[in-house]
Protein chains: 2
Amino acid sequence: MGYTKILAHTIEQNELSAIFKALAHPARVAILQHISEQPNCICNDIVNDIDLAQATISQHLTELKKVGLISGHQEGKKMCYRINVDKLYEVKHLISTFFNKVQ
Amino acid sequence: MGYTKILAHTIEQNELSAIFKALAHPARVAILQHISEQPNCICNDIVNDIDLAQATISQHLTELKKVGLISGHQEGKKMCYRINVDKLYEVKHLISTFFNKVQ
DNA sequence: ATCTATTATTGCATAATTGCGATAATAAAG
DNA sequence: CTTTATTATCGCAATTATGCAATAATAGAT
C-alpha cells in the first residue's frame, strides 16, 4: 500500500490526526514557537533561526498555513506570518477533548 | 534528503513532535479510543472494530507502545492492552504547555 | 527598465510510512 | 504431541515526507 486508509476511520479521527500530523515535525513546532515569539515575522527571520534551507522553511510554512494554524499577509515584498489565534484555540479544545475522553 | 534533521532543533522540540507523530494517524487515534472504551482489550478486538489487517493493527499498537501511551500484559495467549495513564497525563501536560506558550 | 530582496515552486534523490500476506512465535487446549 | 488461538515479525510494494539547489514569481528601489 503506502497510503492511509481514510475510509477505515471516522471524520473526527481523520481530522484530529491531520492536526497532529501538522505538528509532527520538530521544524514546524519550532516555527510556531518562533512566530509566537516574533509576531509578523518573515520567512527569512525563521531561516536565520533554524538550520534549514529557505525552500524547506517555506514548505513547512505552507503546511502550517494549510491546516490554518498560521496566516500570512503581504507587506511590500515581505510576507508576514502570525499565529491564527482562533484556529489555535479550536485545535487546543479538540485535542483537550480527545485527551479527556481517552483519559 | 528524506530524513528529519533532528540536530537543527532542540530536544524539547524533537520530543514534542515525536509525541504528535505517534498520534498523527487516524488508526492510532481510533486504537487509543477503543482501548479507552474497552480497557484490557486484545488485538483481535481492535481488528474487529477497525477495517485494517491484523498485521497493520499490531504495528500501530507497537508504535503506541514505543512512545509509552499504552502498555500490554500477557494473559494466557492473549495480550491485553491498556492506556498508560501516567504517560497520558504527562503528554497532556506537555502539549497543554506548548499551546499555552504559543497561544 | 534594471536591480535587489523576498518568498514560492519545481525537480529530484533519499528516507520513512503505510498496508498486507505469509510466516514465525507463543501459550493454552485436547 | 498436535491442534488451535492469538499476536508479532518479515518481506515486499506503493505512497508520502523531507530536504535542497535551482529557478520562477513578486514587489519595491534605483
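In what follows, chains are A, B, ... by sequence order, proteins preceding strands, each numbered from 1. Note that the coordinates shown come from a computational prediction; the quantities given were computed from them, not determined experimentally.
Atom P of nucleotide D/dT18 and atom CG of B/N14 are separated by 13 Å, given to the nearest angstrom. As a whole-Å value, the separation of B/E63 CD from C/dT17 P is 7 Å. At whole-Å resolution of the value, CE in A/M79 and C1' in C/dT6 are 10 Å apart. In this entry the distance linking CD1 of A/I42 with P of C/dA8 reads 10 Å, nearest Å. When rounded to the nearest whole Å, the span between NE2 of A/H73 and P of C/dT6 equals 16 Å. When the P atom of D/dT16 is taken as reference, atom CD1 of A/I6 falls 9 Å away, rounded to whole Å. In this structure, A/I70 places its CD1 atom 12 Å from P of C/dT7, rounding to the nearest Å. The separation between A/M1 atom CE and D/dA17 atom P is 17 Å, rounded to whole Å.
For the OP1/OP2 pair of C/dT17 and a distance below 4.0 Å, the side-chain nitrogens and oxygens of B/K21 include at least one atom meeting the criterion. Taking side-chain N and O atoms only, A/K5 has a distance below 4.0 Å to OP1 or OP2 of C/dC20. Contact check, B/Y81 against D/dA8: a side-chain N or O comes under 4.0 Å of OP1 or OP2. Side-chain N/O atoms of B/H60 include none lying less than 4.0 angstrom from OP1 or OP2 on C/dT17.
Using modelled atom types, no side-chain atom of A/K101 and backbone atom of B/Q33 make a donor-acceptor pair closer than 3.5 Å. A donor-acceptor pair is defined here as one N or O able to donate and one able to accept, closer than 3.5 Å; no such pair exists between the side chain of B/S36 and the backbone of B/L32. In this structure, A/D45 contributes its side chain and A/I42 its backbone to a donor-acceptor pair below 3.5 Å.
Closest-nucleotide positions on DNA chain D for A/T4 and B/T4 were compared, and the one nearer the 5' end corresponds to A/T4. Toward the 5′ end of DNA chain C lies the nearest nucleotide of A/S58, the other residue of the pair A/S58 and B/G2 mapping further downstream. Each of B/T62 and A/D51 was assigned the nucleotide of DNA chain D with the nearest heavy atom; the assignment lying further toward the 5' end belongs to B/T62.
Taking the six-membered ring for Trp and thresholds of 30 and 60 degrees, B/F20 and B/F98 have ring planes more than 60 degrees apart, a perpendicular arrangement.
A donor-acceptor contact closer than 3.5 angstrom links the side chains of A/K92 and B/N100.
Around the CG atom of A/N40, the shell of radius 6.0 Å holds more than 12 heavy atoms that belong to other residues, nucleotides or ligands.
Counting any heavy atom pair closer than 4.0 Å across all strands shown, A/L61 reaches no nucleic acid atom.
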* Structure fact -> Counting primed atoms, P, OP1 and OP2 as sugar-phosphate and everything else as base, the B/S/- map of nucleotides 21-30 of chain C against protein heavy atoms under 4.0 Å is BB----BS--
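When the nucleotides D/dT6, D/dT18, C/dT18 are ranked by their closest atom to the side chain of B/N44, D/dT6 comes out on top.
Residues A/H25 and A/E63 are not in side-chain contact: their nearest non-hydrogen atoms beyond the backbone lie 4.5 Å or more apart.
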